[in-house]
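Working notes for the structure below.
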Amino acid sequence: MELVFEEFYRSIPKAGEEVCGDNVEIIKKENKTIVVLSDGLGSGIKANILSTLTSKIASGLLDKELPLEEILSTILATLPVCEVRGIAYATLAFLIIDQKQQLRLIEIDTPSAFLFRDDQVKKLEYQEFELEGKKIKEANFKFQRQDQLFLVSDGVTHAGIGGLLNFGLGWSGAAGEIERTVNKNQENLKDSINNLVKIFNTFYGDQAGDDFTIIGMKYRKKRKLNIWSGPPLNKEDDKHLAQKIYNAEGKKVISGGTTAQIASRELDEKLEPGLKYYDKDIPPTSKMKGFDLLTEGLLTLNKVLSLLKKYKPGQIPVAGKDGASRFTRLLLESDSVQFFVGRAVNESHQSLNLPINLGIRSQIISQIAEQLRRIKKEVKIEWF
């Protein structure tokens with residue numbers, strides 16, 4: 001069974017602020033995953049700039065695979081210190097996990113991580129050392145198949161301070177909420193993160209008194225997605241292509257009305273057109289047995305491309321019931337994506353006088369594939 005390391009996060013700005021003072025950077029490589037969290041001092045734009053600077057420096061140095069001491073020395077020497085309070089303008093936590101599931105975590109002025117193992121949240125065993133006059137905590141351990149790990153900014157441990165709780169949740173209180181939430185649904189990390197955001201925000205009376213971020217990580221089975229868009233050049237390939245995607249392993253999507261009609265005819269399955277618009281700019285989806293999603297073609301594909309261009313690794317996929325949002329979620333929640341692309345030119349597009357190999361559909365799908373590779377998805381395209 002092939003496993004992948006999955007991570008999701010959400011950041012909530014302090015009430016009244018437009019941007020969050022925390023920043024997350026995630027780098028997926030062939031042999032490792034790097035996760036960085038920084039919390040800028042204060043809130044708003046200034047805090048966001050400080051946390052972004054810190055996390056960008058850290059992730060860039062980690063990506064270059066420099067020695068850890070050199071990375072930490074560079075970061076600590078770079079971070080400015082508040083003259084009044086004598087503390088760094090940004091906190092930092094980062095981890096590296098390799099293909100052997102060996103995880104190394106470094107924390108500087110940030111709440112200790114939460115390890116969910118054997119149905120309960122546990123505190124990690126840390127080694128502490130000083131560098132550049134700064135106390136640094138380090139944990140090294142084997143990340144097990146059923147483990148989940150959560151990193152948070154101190155807005156989580158402070159939740160409720162001065163309101164529901166005199167001194168806030170603290171680490172133990174946050175651990176209890178994480179433990180209860182994850183035990184309700186250990187398989188769906190995305191739902192756990194969303195539910196935890198609601199819980200911690202409730203402690204603030206739904207008016208966050210500080211920026212807060214939650215990052216969750218776990219292993220899961222690899223997911224595959226198959227997409228058919230466009231009629232093949234040769235009509236003789238209609239049946240072959242319909243059966244090819246129908247029998248493929250993983251979830252299945254058809255993009256394009258004509259393509260859906262071909263699949264319905266060749267597979268002898270009823271096509272049920274949808275009529276409801278969830279977004280006035282995105283045509284309704286349809287239904288057919290054996291397929292997870294059937295969408296309109298170019299308008300939906302264009303919107304999917306736009307959503308992918310804005311996507312930052314680790315973010316929870318876009319919400320929405322329209323075809324483009326659902327399509328985008330399927331792409332982002334999959335690890336291996338196989339496109340079957342027909343190259344027959346749609347009559348409505350012929351006025352553009354584009355050669356077949358430079359057709360509109362081909363261009364959009366190629367750009368979608370490029371965006372998916374940017375976030376380290378496996379992508380294959382077969383042309384017909």
Side-chain angles (χ1 to χ4, degrees), residues 7-14 19-29 32-83 85-97 103-115 123-141 149-158 171 174 210-217 312-315:
E7 58 287 315
F8 286 122
Y9 75 90
R10 278 190 64 187
S11 294
I12 303 299
K14 181 180 178 179
V19 298
C20 184
D22 304 338
N23 193 65
V24 176
E25 296 293 331
I26 297 173
I27 298 176
K28 307 285 283 188
K29 305 188 77 172
K32 66 181 67 175
T33 296
I34 298 166
V35 179
V36 181
L37 168 63
S38 181
D39 176 4
L41 186 64
S43 58
I45 295 293
K46 181 180 177 182
N48 178 266
I49 292 171
L50 291 165
S51 64
T52 300
L53 172 67
T54 303
S55 56
K56 289 284 189 184
I57 292 171
S59 59
L61 293 172
L62 289 163
D63 190 25
K64 293 179 180 177
E65 301 184 357
L66 298 173
L68 184 60
E69 187 171 328
E70 184 177 339
I71 291 172
L72 290 171
S73 295
T74 302
I75 293 169
L76 293 172
T78 304
L79 292 181
V81 175
C82 175
E83 293 181 1
R85 298 167 66 179
I87 58 176
Y89 275 114
T91 69
L92 179 65
F94 64 81
L95 65 83
I96 306 165
I97 184 164
L103 189 146
R104 188 177 198 180
L105 172 66
I106 298 291
E107 296 174 353
I108 306 173
D109 295 332
T110 192
S112 298
F114 302 82
L115 176 65
K123 207 164 195 174
L124 297 171
E125 293 183 7
Y126 290 94
Q127 292 179 323
E128 295 188 5
F129 60 96
E130 276 201 12
L131 188 65
E132 307 287 339
K134 200 75 174 172
K135 186 173 78 172
I136 296 169
K137 296 193 303 182
E138 178 178 359
N140 290 274
F141 65 100
L149 185 70
F150 295 86
L151 300 182
V152 305
S153 60
D154 62 10
V156 167
T157 51
H158 290 164
W171 191 93
D210 190 9
D211 305 301
F212 71 89
T213 295
I214 310 168
I215 312 174
M217 292 155 273
K312 184 179 177 183
Q315 289 178 329

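This is a predicted model, so every value here is computed, not measured. Throughout, residue positions are numbered sequentially from 1 according to the sequence presented.
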**Item:** Test item: side-chain donor near acceptor, S51 and S38, under 3.5 Å
**Value:** no
**Message:** If I compare all heavy atoms of L124 with all of A139, which pair ends up nearest, and what's the gap?
**Reply:** CD1-CB, 4.1 Å
Would you tabulate the side-chain donor-acceptor contacts of residues 70-77 under 3.5 Å, counting partners in other chains and residues two or more places apart, or write 'none'?
| from | atom 1 | to | atom 2 | distance (Å) |
| --- | --- | --- | --- | --- |
| S73 | OG | E69 | O | 2.9 |
| T74 | OG1 | E70 | O | 2.8 |

**Request:** From the options D22, T91, D211, select the one residue that forms a side chain to side chain donor-acceptor pair (under 3.5 Å) with S153.
**Result:** D22
**Test log, rule side-chain contact (heavy atoms from CB on, under 4.5 Å), inputs L37 and T213** = CA-CA 9 Å; L37 168 63; T213 295; 3.9 Å; yes
**Message:** Could you check whether K135 pairs with D109 (Lys NZ or Arg NE/NH1/NH2 to Asp/Glu carboxylate O, under 4.0 Å)?
**Reply:** no
**Complete:** Here the pair of heavy atoms bringing Y9 nearest to P313 is CE2-O, 3.5 Å
**Prompt:** For V35, which of L105, I27, L95, I97 qualifies under side chain to side chain contact (heavy atoms under 4.5 Å, CB included)?
**Reply:** L95
**Message:** Assess, by modelled atom type and distance only, whether the side chains of N23 and S55 contain a donor and an acceptor separated by less than 3.5 Å.
**Reply:** yes
**Prompt:** Does the side chain of E25 come within less than 4.5 Å of I34's, by heavy atoms?
**Reply:** no
**Message:** Side chains of R10 and I12, heavy atoms from C-beta outward: is any pair under 4.5 Å?
**Reply:** yes
**Prompt:** More than 12 non-hydrogen atoms from neighbouring residues, nucleotides or ligands closer than 6.0 Å to NZ on K312, yes or no?
**Reply:** yes
**Rounded distance [0.5 Å steps], CD in Q127 versus CD in E125** = 9.5 Å
**Message:** Do D210 and D154 make a side-chain contact, defined as non-hydrogen atoms from C-beta onward lying under 4.5 Å apart?
**Reply:** yes
**Request:** Check L62 against I96 and note the closest heavy-atom contact, atom names and distance.
**Result:** CD2-CD1, 3.7 Å
**Fill in**
In this structure, CD of E65 is separated from NZ of K32 (nearest 0.5 Å) by 4.0 Å
**Contact summary for G314 and I26, nearest pair of heavy atoms** = CA-CD1, 3.6 Å
**Request:** Evaluate the side-chain contact (heavy atoms from CB on, under 4.5 Å) criterion for residues F114 and V152: first the C-alpha distance (whole Å), next the side-chain angles of each, then the deciding distance (0.1 Å), finally the verdict.
**Result:** CA-CA 9 Å; F114 302 82; V152 305; 3.7 Å; yes
**Prompt:** Closest heavy-atom contact between A90 and L50?
**Reply:** CB-O, 4.1 Å
**Closest approach of E107 to A113 (non-hydrogen atoms, all atoms of both residues)** = OE2-N, 3.0 Å
**Message:** To the nearest 0.5 Å, what is the distance between CD1 on I45 and SG on C20?
**Reply:** 11.0 Å
**Message:** Test your reading of the model: is there a side-chain donor-acceptor pair from W171 to the backbone of S112, 3.5 Å cut-off?
**Reply:** yes
**Asked** Only one of L68, L92, I106 clears side chain to side chain contact (heavy atoms under 4.5 Å, CB included) with I136; which?
**Response** I106
**Prompt:** Would you say K29's side chain and D63's backbone share a donor-acceptor pair under 3.5 angstrom?
**Reply:** yes
**Item:** Contact check, side chains of Y126 and E138, non-hydrogen atoms, under 4.5 Å
**Value:** no
**Request:** Run the numbers on I214 and F8 for side-chain contact (heavy atoms from CB on, under 4.5 Å), then give the verdict.
**Result:** CA-CA 8 Å; I214 310 168; F8 286 122; over 6 Å; no
**Request:** In sequence, state the C-alpha distance, the side-chain angles, and the governing distance for F150 and I215, and then conclude on side-chain contact (heavy atoms from CB on, under 4.5 Å).
**Result:** CA-CA 5 Å; F150 295 86; I215 312 174; over 6 Å; no
